[in-house]
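Below you'll find the structure, written out as C-alpha cells, and then a few comments.
Just so it is clear, the values below take in all heavy atoms, side chains as well, and ignore hydrogens, waters and symmetry mates. First the proteins, then the strands, lettered A, B, ... as listed; each starts at 1.
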Amino acid sequence: MAPRLSRSFYSQPVLRVAEACIGKILVHDTPEGLVAGRIVEAEAYRGPQDAAAHSRGGRRTPRTEAMFGEAGRAYVFMIYGIHYHFNLVAGGVGEPHAVLIRAAEPLAGLDIMRRRRGPAGRGLNVTNGPGKLCQAFGIEAKDYASDLCAGPLYLAEAAPTEILRSPRIGVDYAGSWARKLWRFSEAENPYVSVPPRATLRRK
DNA sequence: GAATAGATTGTCT
DNA sequence: GACAATCTATTCT
C-alpha cells in the first residue's frame, strides 16, 4: 500500500488540503478487515469566518473542539440523528478549519463495505455520499479526534487526477458563503455524490 | 427519473 | 424546542 500522508500534508492551507486530497487513498484498518478507496469529492470549511462551518463565529464546543486542535486529526460528527460525517482537520492550533470527505471510489474491502451498508448499498450506492462513506468505512463517534498520522484511519499517497471546483452541497443557509467554489471533485468519476454542472434547473 | 416525507439524536438557542 | 455539511423508501409521472 502507498505510504501514509504525514502531518505536513494536513498543515497546508485548508483549500489546498481539500484540493490535494482528491485522488488520495483513504484507508481504515478495522477488526472486520481493511477497507480503502480513492477520495473523489471533498469540501473546505474555514471557520471562524465561513458561515457554513460548525466553527463559524469561533464556536468552540465539545463537538467542534477537534477542529481547534492540531492538523491531521479526524473531526467526526453526527447529522440528522442518523449519519456520521468525516472531516480532516486542517489549519494550525486555534484555527478551526476542516475538509469534509464526501465520496470515494472503493479499492479494497468492497465486500465489507457492502455488508455494512446493507440492502441499500448496491451498485455505486456504497461510498457516493458523506453519510454512506462513513457507514461503508466504519467511521463513527469512536474515531472522533483520532490521529490520521498514527492510527488505523489515515490517508495514503496517490497520483494526482483532474479536479473540478463547484459550490458546496447542503449549505444554502450560509448566504454568500454557500456560493464559494469550495467543493472539489474528480472529473467524470461516477462516485461523486452530486455531479458538478448537472445542477441545471430546467422546466 | 423526479419529488416528497420520514427517520432519529446531538447540539445549540 | 428547532434544526442539521443526509439517506432511503415510496409515490408519483
Side-chain angles (χ1 to χ4, degrees), chain A residues 10 14-15 17-19 21-22 26 37 39-69 73-91 95-104 106 113-145 164-185 190-203:
Chain A
Y10 304 99
V14 65
L15 283 164
V17 177
E19 179 171 20
C21 70
I22 303 299
L26 174 63
I39 296 171
V40 299
E41 184 181 354
E43 293 178 354
Y45 286 84
R46 199 183 66 186
Q49 302 89 355
D50 182 2
H54 290 159
S55 54
R56 59 186 174 277
R59 282 155 203 247
R60 186 165 187 163
T61 67
R63 178 174 70 151
T64 64
E65 185 60 31
M67 269 194 282
F68 288 84
R73 293 202 172 248
Y75 170 46
V76 177
F77 63 91
M78 174 161 274
I79 186 78
Y80 298 115
I82 304 176
H83 312 289
Y84 286 105
H85 280 198
F86 167 60
N87 299 246
L88 318 173
V89 173
E95 271 186 319
H97 300 174
V99 174
L100 170 66
I101 304 302
R102 291 188 53 89
M113 294 185 187
R114 292 210 194 280
R115 203 175 312 141
R116 286 184 179 137
R117 290 279 298 122
R122 304 206 169 280
L124 299 180
N125 217 24
V126 224
T127 51
N128 61 343
K132 303 177 199 176
L133 179 150
C134 281
Q135 192 179 12
F137 274 81
I139 298 173
E140 311 166 22
K142 65 173 166 48
D143 300 298
Y144 184 86
L164 305 178
R165 294 186 66 157
S166 52
R168 292 177 291 182
I169 305 296
V171 295
D172 292 344
Y173 59 83
S176 62
W177 293 91
R179 280 171 247 129
K180 292 190 175 295
L181 303 181
W182 285 7
R183 180 170 77 124
F184 299 88
S185 57
Y191 285 91
V192 172
S193 66
V194 182
R197 200 175 303 194
T199 50
L200 304 166
R201 251 188 238 176
R202 285 209 238 155
K203 283 246 164 152

For B:dT13 and A:Arg59 - does any side-chain N or O of the residue sit under 4.0 Å from the phosphate oxygens OP1/OP2?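 The answer is yes; a side-chain N or O of A:Arg59 sits under 4.0 Å from OP1 or OP2.
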Please determine whether a side-chain nitrogen or oxygen atom of A:His54 lies at a distance below 4.0 Å from atom OP1 or OP2 of C:dA5.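 Answer yes for this pair, as a side-chain N or O of A:His54 is under 4.0 Å from OP1 or OP2.
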Hey, is A:Tyr45 stacking on C:dA5? Ring centres under 5.5 Å, planes under 30°.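 One would call A:Tyr45 stacked on the C:dA5 base.
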How is [X] classified with respect to the nucleic acid when contacts are heavy atoms under 4.0 Å: base, sugar-phosphate, or nothing?
{"X": "A:Asp50", "answer": "nothing"}
{"X": "A:Arg102", "answer": "sugar-phosphate"}
{"X": "A:Ile79", "answer": "sugar-phosphate"}
{"X": "A:Arg56", "answer": "nothing"}
{"X": "A:Ala120", "answer": "sugar-phosphate"}

I'd like to know if A:Asp172 pairs up with A:Arg179 as an ion pair, taking the criterion as any Lys NZ or Arg NE/NH1/NH2 lying under 4.0 Å from an Asp or Glu carboxylate oxygen.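 Salt bridge flag = no for A:Arg179 with A:Asp172.
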Nucleotide-level pairing of DNA chain C, given in dot-bracket where Watson-Crick and G-U pairs need both distances under 3.5 Å and | marks other strands: ||||.|||||||.
Does any N or O in the side chain of [X] come within less than 3.5 Å of the main-chain N or O of [Y], such that one atom is a donor and the other an acceptor?
{"X": "A:Arg114", "Y": "A:Gly121", "result": "yes"}
{"X": "A:Asn125", "Y": "A:Ala120", "result": "yes"}
{"X": "A:Tyr45", "Y": "A:Arg56", "result": "no"}
{"X": "A:Thr64", "Y": "A:Arg59", "result": "yes"}

Do you know the tightest heavy-atom contact between A:Ala103 and A:Val192?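 Answer, listing the atom of A:Ala103 first, then A:Val192: CB-CA, 4.4 Å.
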Using whole Å, what does the distance between atom [atom2] of nucleotide [N] and atom [atom1] of [X] come to?
{"X": "A:Phe77", "N": "B:dT11", "atom1": "CZ", "atom2": "P", "result": "11 Å"}
{"X": "A:Arg117", "N": "C:dT6", "atom1": "CZ", "atom2": "P", "result": "14 Å"}
{"X": "A:Asn125", "N": "C:dA9", "atom1": "CG", "atom2": "C1'", "result": "12 Å"}
{"X": "A:Asn128", "N": "C:dC7", "atom1": "CG", "atom2": "C1'", "result": "10 Å"}
{"X": "A:Glu140", "N": "B:dT8", "atom1": "CD", "atom2": "C1'", "result": "16 Å"}
{"X": "A:Tyr80", "N": "C:dA2", "atom1": "OH", "atom2": "C1'", "result": "13 Å"}
{"X": "A:Tyr84", "N": "B:dG10", "atom1": "OH", "atom2": "C1'", "result": "10 Å"}

Is the gap between the ring centers of A:Phe77 and A:Tyr75 under 6.0 Å?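 Ring-ring flag for A:Phe77/A:Tyr75: true, centres closer than 6.0 Å.
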Can you tell me which nucleotide in B:dT9, C:dC7, C:dA5 comes closest to the side chain of A:Met78?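 The answer is B:dT9, which lies nearest to the side chain.
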Minimum-distance nucleotide to A:Tyr173 side chain [options: B:dC12, C:dA5, C:dT6]: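 That would be C:dA5.
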Euclidean distance for P, C:dA5 against B:dA3 (whole angstrom):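 Approximately 23 Å lies between the P atom of C:dA5 and that of B:dA3.
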